[in-house]
Every structure is written in structure tokens, then in C-alpha cells.
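Note that the coordinates shown come from a computational prediction; the quantities given were computed from them, not determined experimentally. Just the heavy atoms: all of them, side chains too, but no hydrogens, waters or symmetry mates, feed the values below. Residue numbering restarts at 1 for every chain, and letters A, B, ... go by the order of the sequence lines.
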Number of protein chains: 2
Amino acid sequence: MEAALKAIAEPRRREILRLVWDAERSAGDIAAHFDVSRPAISQHLRVLKEADLIFERREGTRRYYRAHPEGLEELREFLEGFWEENLSALKRAAEKEERRKARASAGDRRRHA
Amino acid sequence: MEAALKAIAEPRRREILRLVWDAERSAGDIAAHFDVSRPAISQHLRVLKEADLIFERREGTRRYYRAHPEGLEELREFLEGFWEENLSALKRAAEKEERRKARASAGDRRRHA
DNA sequence: AGCTTACGTAAGTGTCAACTTAAGGATTCT
DNA sequence: AGAATCCTTAAGTTGACACTTACGTAAGCT
């Protein structure tokens with residue numbers, strides 16, 4: 001999971017993900033979209049592959065890459081869980097704060113009376 | 001956005017985020033949850049702050065940190081957009097693949113006829 | 001077999017990130 | 001003012017990361 005998060009923290013890798021998301025593409029095809037060297041792209045592809053975010057298929061001298069739905073879904077669920085777990089906590093905290101303010105204001109009234 | 005993604009790619013920072021999510025906590029309080037030095041935590045706090053994921057409040061000699069809902073929400077929306085944009089693409093790709101298979105199988109039948 | 005094509009891997013470099021210890025504010029207490 | 005507390009910033013180290021060029025490998029072509 002760590003690997004997946006690190007993987008998508010890199011802009012070029014996110015761009016690669018978008019490229020292979022709806023179509024299988026060869027390494028060369030992918031590399032052509034960027035102005036860095038091909039080995040650089042090759043290395044990004046390895047990172048994505050090791051994070052289980054893409055899938056590699058070899059055909060002749062070519063290597064085709066495409067999105068790996070299971071890995072992507074796992075990452076999405078992790079993030080969603082992170083948010084869910086916490087946004088509800090944030091909400092509780094906000095409500096608590098509201099109550100605190102309400103009490104404080106009631107105290108003001110008592111003191112001023 | 002980049003900064004926020006990099007920020008949450010670090011396990012300790014995610015843990016810090018969870019700590020300050022539903023309660024404001026002092027730097028020392030936060031640091032007590034980890035077995036790295038306090039400066040290390042201080043630096044993580046700075047990263048989170050610069051990514052607009054937490055908020056700092058000074059009171060006397062203490063510094064209190066809490067979640068920064070706007071920044072977190074922005075990050076959440078970015079990720080959701082990323083998924084939405086792409087999961088629909090994945091879905092289209094899957095359907096296309098289905099049609100391809102269907103055509104192939106129809107072709108088989110024609111060839112075999 | 002030899003040449004070409006399409007890639008990856010190796011090795012080296014500059015930069016950034018996470019950590020450490022040491023030193024420097026800022027605020028409060030006496 | 002001086003001492004103590006709480007925390008950050010500074011400086012230095014180590015390892016990771018994104019990139020480069022050079023080399024290696026596997027499949028197809030002649």
C-alpha cells in the first residue's frame with residue numbers, strides 16, 4: 001500500500017496511469033508522451049508494476065502495459081477508508097466544538113446576569 | 001496537491017494526521033506517540049502544515065495542531081476526481097473488451113459455419 | 001549467423017527526504 | 001534578570017529517488 005501511495009505521488013507516474021488506464025500501450029508508445037529518456041519511463045513502469053497498479057504483457061519484442069484494476073481498487077479502498085474513518089471523526093469534533101461554544105456562551109450569560 | 005500527496009505517502013505522517021484529526025494536540029503530545037526524536041516530528045508537522053493538511057495554533061510556549069478540513073477536502077476531491085475520471089474509463093475499456101470478445105466469438109461461428 | 005528493433009538493467013550523478021544531535025527562539029515562572 | 005519549559009531551526013549524515021548514458025537481452029528479419 002505504501003508502495004502504491006508513493007507511486008501515485010509522482011506526477012509522471014499519474015500521467016502514465018492515465019495513459020494505460022483505458023488502453024493497453026507499449027513502453028515506447030508511453031515513453032513518446034514524455035520528454036525524458038526511455039529508461040526513465042521504464043523505471044517508472046517498474047515502480048507502478050511493483051505497486052500492483054499496472055500489468056505487463058510481453059508480445060514479441062514489445063511489452064504492453066495496462067491498468068491493473070484489482071491493485072487500483074485496493075488503493076482506492078484504502079484511501080476511502082482513511083477518509084471515512086476520519087471525516088466522521090472530524091464531524092464529531094466539529095459538533096463537540098459547537099457544544100463547547102454553546103456552553104461558553106451560556107456561561108457568559110450566567111456571569112453577566 | 002503534489003505536496004499533499006507526498007505528505008500522506010509517509011506512514012508516520014498519516015498517523016499524525018489521525019492523531020490530530022479529532023482533537024487538537026500539542027507537538028509534545030504528538031511526539032510522545034512515536035519513537036523518533038521530537039525534531040523529526042516537528043519536521044513532519046511542517047510538511048503537513050505546508051501541504052495545508054493541518055493547522056497550527058500557538059498558545060504560550062505550546063503549539064497545538066489540528067486537522068485542516070479545507071486542505072483535506074481538497075485532497076480528497078482531487079483523488080476522487082482521479083478515480084472518477086479513470087474508473088469510468090476502465091469501465092468503458094472493459095465493455096469494449098466485451099464487445100471485442102463477442103465479435104471474435106461471432107467470427108468464430110461464421111468461420112466454423 | 002548477423003543485424004535491427006524494442007526494451008530493460010547497470011552504473012553513476014545530483015537532488016531531496018528522514019533522521020540525528022546541537023543550538024536557538026519564545027514564553028512563563030520565580 | 002535568570003532558569004526552566006516547549007518547541008523549532010541549523011547542520012550534518014545516510015539512504016532513496018529521478019534522471020542520465022552505456023550496455024545487455026530477447027525476439028524477429030535477412
Between [X] ([atom1]) and [N] ([atom2]), how many Å, whole number?
X: A:R63; N: C:dA6; atom1: CZ; atom2: C1'; result: 9 Å
X: A:E2; N: C:dA17; atom1: CD; atom2: P; result: 15 Å
X: B:Y64; N: D:dT5; atom1: OH; atom2: P; result: 16 Å
X: A:R57; N: C:dA6; atom1: CZ; atom2: P; result: 16 Å
X: A:I41; N: D:dA18; atom1: CD1; atom2: P; result: 12 Å

Report summary line: Closest non-hydrogen atoms of A:L72 and B:W83, given as atom of the first, atom of the second and distance, are O-CZ2, 3.5 Å
Requested in this report: Give the minimum heavy-atom separation between B:L45 and B:A27, together with the two atoms involved.
Outcome: CD1-CB, 4.2 Å
Query - Residue list, side chain to side chain donor-acceptor pair (under 3.5 Å) with B:R63, at least two apart or on another chain - result: none
Query raised in the report: Among pairs that include at least one residue of residues 40-52 of chain B, which meet salt bridge (charged side-chain N to carboxylate O under 4.0 Å, His left out), considering only residues two or more places apart or in two chains?
Result: B:K49-B:E56
Report summary line: One should read off an interatomic distance between B:L48 CG and B:I41 CD1, to the nearest 0.5 angstrom, of 10.0 Å
Report task. Any chance you could list the contact pattern along nucleotides 24-30 of chain D? Use B for base contacts, S for sugar-phosphate-only contacts and - for none, protein heavy atoms under 4.0 Å, 5' to 3'. Result -> ---SS--
Query - Close residues, residues 43-52 of chain B, relative to DNA chain C [heavy-atom separation under 4.0 Å] - result: B:Q43, B:H44
**Report entry** Positions of residues 5-20 of chain A (non-hydrogen atom under 4.0 Å from DNA chain C), listed by number
**Finding:** none
**Report entry** Residue pairs passing the side chain to side chain donor-acceptor pair (under 3.5 Å) test where at least one lies in residues 4-15 of chain A, sequence neighbours excluded
**Finding:** A:E2-A:K6, A:R13-A:H44, A:E15-A:R18
Just wondering, do [Y] and [X] contact through their side chains at under 4.5 Å, heavy atoms?
X: A:R25; Y: A:H33; result: yes
X: B:R66; Y: B:I54; result: no
X: B:L5; Y: B:F78; result: yes

Report task. Sequence neighbours left out, what passes salt bridge (Lys or Arg N to Asp or Glu O under 4.0 Å) with A:R57? Give chain and number order. Result -> A:E24, A:E59
Report summary line: A:E80 meets the salt bridge (Lys or Arg N to Asp or Glu O under 4.0 Å) criterion, sequence neighbours left out, with A:R76
Query raised in the report: Heavy atom of residues 30-40 of chain B under 4.0 Å from DNA chain D: which residues?
Result: B:R38, B:P39
Query raised in the report: Above 12 or not: heavy atoms from other molecules or residues under 6.0 Å from CZ of A:F34?
Result: yes
Report task. Look at atom OH of B:Y64 and say whether more than 12 heavy atoms of other residues, nucleotides or ligands are closer to it than 6.0 Å. Result -> yes
Requested in this report: Report yes if the distance between the aromatic ring centroids of A:W21 and B:F82 is under 6.0 Å, otherwise no.
Outcome: yes
Query raised in the report: When the C1' atoms of the five terminal pairs at each end define the local axes, what inter-axis angle does the helix from C:dA1-D:dT30 to C:dT30-D:dA1 show, to 10 degrees?
Result: 0°
Report summary line: Taken in chain and number order and not counting sequence neighbours, the residues that satisfy side chain to side chain contact (heavy atoms under 4.5 Å, CB included) with A:A51 are A:A3, A:A4, A:A7, A:L53
Query - Non-neighbouring partners of A:S37 that pass side chain to side chain contact (heavy atoms under 4.5 Å, CB included), sequence neighbours left out - result: A:P39, A:A40
Query raised in the report: When all nucleic acid strands are considered with a 4.0 Å heavy-atom cut-off, which category describes B:Y65: base, sugar-phosphate, or nothing?
Result: sugar-phosphate
